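Just below is one structure, and these are the notes that go with it.
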2 protein chains.
Amino acid sequence: MTPRGRPRDTQVDERVLRIAAALIFERGYAGLSIDEVAEQAGVAKTTLYRRWPTKDHLAVAVVARLQADDEITDTGDIRADLVNYLEKIAAALNRMRAAGGREGPSAGVAGELVAAAARHEDIGRLAREQYARRNAMALALIERARVRGELRADLDAEVLFDQLAGALYYRVLITGAPVDRAYAERLVSSALEGSLTCPRS
Amino acid sequence: MTPRGRPRDTQVDERVLRIAAALIFERGYAGLSIDEVAEQAGVAKTTLYRRWPTKDHLAVAVVARLQADDEITDTGDIRADLVNYLEKIAAALNRMRAAGGREGPSAGVAGELVAAAARHEDIGRLAREQYARRNAMALALIERARVRGELRADLDAEVLFDQLAGALYYRVLITGAPVDRAYAERLVSSALEGSLTCPRS
DNA sequence: GCAATTACGCAACACAAGTTTCGTATTCGG
DNA sequence: CCGAATACGAAACTTGTGTTGCGTAATTGC
């Protein structure tokens, strides 16, 4: 079952992704030119399009390979675990936001990737699978804390994670406010402790 | 201090926005062509670019004019008020998501607008001003509830609103999950009541 | 070795966003 | 009425994405 025809040059993938990463982080998404990548990589444009059908796909591939697989830590202290996890997400978001050398509160490359997921069904599906994987890890963490009595029995874990992750994305993508460890701590405190004067009433 | 030269034809703005709205909601952002809008409106392309310097600006203008100014209701029941407010935000998001006739969990036009805000400093600034206005109204609502004793005195109002609005945006833009009134109720319950087994400990 | 299959490079092309140039049309201030 | 300032229309142009056609190279199955 070996593939029939001439095999692809695997060095091309490596070289192209490296060059594209340099361009996108130096000049931003708009500064990433397919023609320039092809020229710098010494390949024809058709060779690029054989691997990544659009510029969006190439950009997603570039960013995807930098995303360290966020491993989750379970120390038994749900508050600390959540803060650590959110800090990893925030770091990834800040990396993407910094791409392009912007200074202001721009969402940078992160905003373009959201649009890419909206434009192409396959990118959207891929992204949702990634988020589902992450979500499952976080839900498992929350579930363990619930079982051992740290969290309420009638907890809505899905909503809790939406609240935490959503607040980070909202600030980066929409309001442009900063996200750092201090914010993650405020966020977890607020979500865990609630807002009512007299809860469970 | 009347402007010097020939005045702009105000009918053009109206006609162009109407045509652009029809195109963007029927065929999505990619199906919005400047050339086609100009042709259908019976004006030259330069006339469009005099008013909206990029396609992104035109798209933002189209969507902005449909956004009903979300008025906030203060019934004295913070839970009900928050649910109502979130439902209005969700309705606006669902409208944008529906644009383009997609079916799947795509973010539709909403994703493109996020990218537009990331690409153009002025659009980003405008958007942040809008969100700041909305945020201020929500914060005032929360503050009143806090003063009358419904909410905790040491509440972090900024984070609370990020949690609520952020979860909605996160689902629409990132995970593609649905947002409706039932979800808004789960969200408010979770945020208000907290997650800890024994809060204030 | 030979046919089928796939990859590659090259060049031309289609298409849309955005720009430039230039001639003409309005409006205001004097 | 005249000149400055701005708007409009038409057309050519630039740039970048993405496509197509074709000749050539590499690999597999036979």
Side-chain angles (χ1 to χ4, degrees), chain A residues 1-17 19-20 23-24 26-62 100 109 112-113 115-116 118-123, chain B residues 1-17 19-20 23-24 26-62 100 109 112-113 115-116 118-123:
Chain A
M1 257 310 178
T2 48
R4 285 297 300 274
R6 172 177 176 174
R8 288 196 186 164
D9 185 346
T10 55
Q11 298 186 26
V12 168
D13 299 70
E14 174 71 28
R15 214 170 348 137
V16 166
L17 287 176
I19 292 168
L23 282 178
I24 208 171
E26 191 178 335
R27 306 187 202 161
Y29 183 88
L32 173 68
S33 158
I34 300 288
D35 287 293
E36 189 173 357
V37 172
E39 194 197 2
Q40 287 193 21
V43 298
K45 209 168 39 158
T46 44
T47 299
L48 261 68
Y49 277 105
R50 192 172 299 114
R51 291 165 168 76
W52 303 279
T54 73
K55 175 174 164 176
D56 282 339
H57 288 80
L58 175 57
V60 166
V62 165
V109 170
E112 300 284 356
L113 295 185
R119 281 191 282 257
H120 313 285
E121 207 49 59
D122 56 341
I123 292 181
Chain B
M1 256 309 177
T2 49
R4 282 298 298 271
R6 173 178 175 174
R8 289 196 185 164
D9 185 346
T10 55
Q11 297 184 26
V12 167
D13 299 70
E14 173 73 26
R15 214 168 349 137
V16 165
L17 287 176
I19 292 170
L23 283 177
I24 208 171
E26 190 178 335
R27 306 187 202 161
Y29 183 87
L32 174 68
S33 158
I34 300 288
D35 287 289
E36 189 172 359
V37 172
E39 194 197 2
Q40 287 193 22
V43 298
K45 212 166 38 157
T46 43
T47 299
L48 262 67
Y49 279 105
R50 192 172 300 113
R51 290 166 168 76
W52 303 279
T54 72
K55 175 175 164 176
D56 282 338
H57 288 80
L58 175 58
V60 167
V62 166
V109 171
E112 300 284 356
L113 296 185
R119 282 192 281 258
H120 312 285
E121 207 50 58
D122 56 341
I123 292 182

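Treat the numbers as computed from the prediction; the structure is a model and nothing was measured. A note on names: the letters A, B, ... follow the listed sequences, proteins ahead of strands, and every chain is numbered from 1.
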Q.
Surrounding CD of Glu36(A) (heavy atoms of other residues, nucleotides or ligands, distance under 6.0 Å), is the total greater than 12?
A. yes
Q: Just call it for Gly42(A): base, sugar-phosphate, or nothing, with non-hydrogen atoms closer than 4.0 Å on any strand.
A: sugar-phosphate
Q) At their closest point, which heavy atom of Ala41(B) faces which heavy atom of Val16(B), and how far apart are they? A) CB-CG2, 3.9 Å
Q | Residue pair Arg119(A) / Glu112(B), side-chain heavy-atom distance below 4.5 Å | A | yes
**Q.** Contact state string [nucleotides 11-16 of chain D, B base, S sugar-phosphate only, - no protein heavy atom under 4.0 Å]
**A.** ------
Q.
Rounding to an integer number of Å, can you tell me how far Tyr49(A) OH sits from dG18(D) P?
A. 4 Å
Q | Main-chain N/O of Leu32(A) paired with Lys55(A) side-chain donor or acceptor, under 3.5 Å | A | yes
(Q) For the OG atom of Ser33(A) and the CG atom of Leu23(A), what is their distance to the nearest 0.5 Å? (A) 8.0 Å
Q: Using a cut-off of strictly less than 4.0 Å, decide whether Thr47(B) has a side-chain nitrogen or oxygen near OP1 or OP2 of dG9(D).
A: yes
Q.
Distance check needed: dG18(C) P versus His120(B) NE2, whole Å only.
A. 7 Å
Q) Considering all heavy atoms of both residues, which atom of Asp13(B) and which atom of Trp52(B) are nearest to each other, and what is their separation? A) CA-CH2, 4.1 Å
Q. Which atom names give the shortest non-hydrogen contact between Leu48(B) and Val43(B), and what distance separates them?
A. CD1-CG2, 3.3 Å
**Q.** Whole-Å distance separating the CG atom of Leu48(A) from the P atom of dT19(D)
**A.** 13 Å
Q | Nearest heavy-atom neighbours spanning Ala116(A) and Val60(A) | A | CB-CG2, 4.5 Å
(Q) If I compare all heavy atoms of Ala59(A) with all of Ile24(A), which pair ends up nearest, and what's the gap? (A) CB-CD1, 3.9 Å
Q. Please give, in whole Å, the distance from dA16(C) P to Asp56(B) CG?
A. 17 Å
Check: protein-nucleotides 1-3 of chain D nitrogen or oxygen pairs below 3.5 Å:
none

Q: Considering non-hydrogen atoms only, spot the tightest contact between Arg51(A) and Asp9(A) and give its length.
A: NH2-O, 3.1 Å
Q) Are the side chains of Leu17(B) and Leu58(B) in touch, meaning some heavy atoms are under 4.5 Å apart? A) yes
Q.
Less than 4.0 angstrom between a side-chain N/O of Arg51(A) and OP1 or OP2 of dC8(C), yes or no?
A. yes
Q: Return the residues of residues 5-14 of chain B meeting this criterion: a heavy atom under 4.0 Å from some atom of DNA chain D. Order them by number, or give none.
A: Gly5(B), Arg6(B), Pro7(B), Arg8(B), Asp9(B)
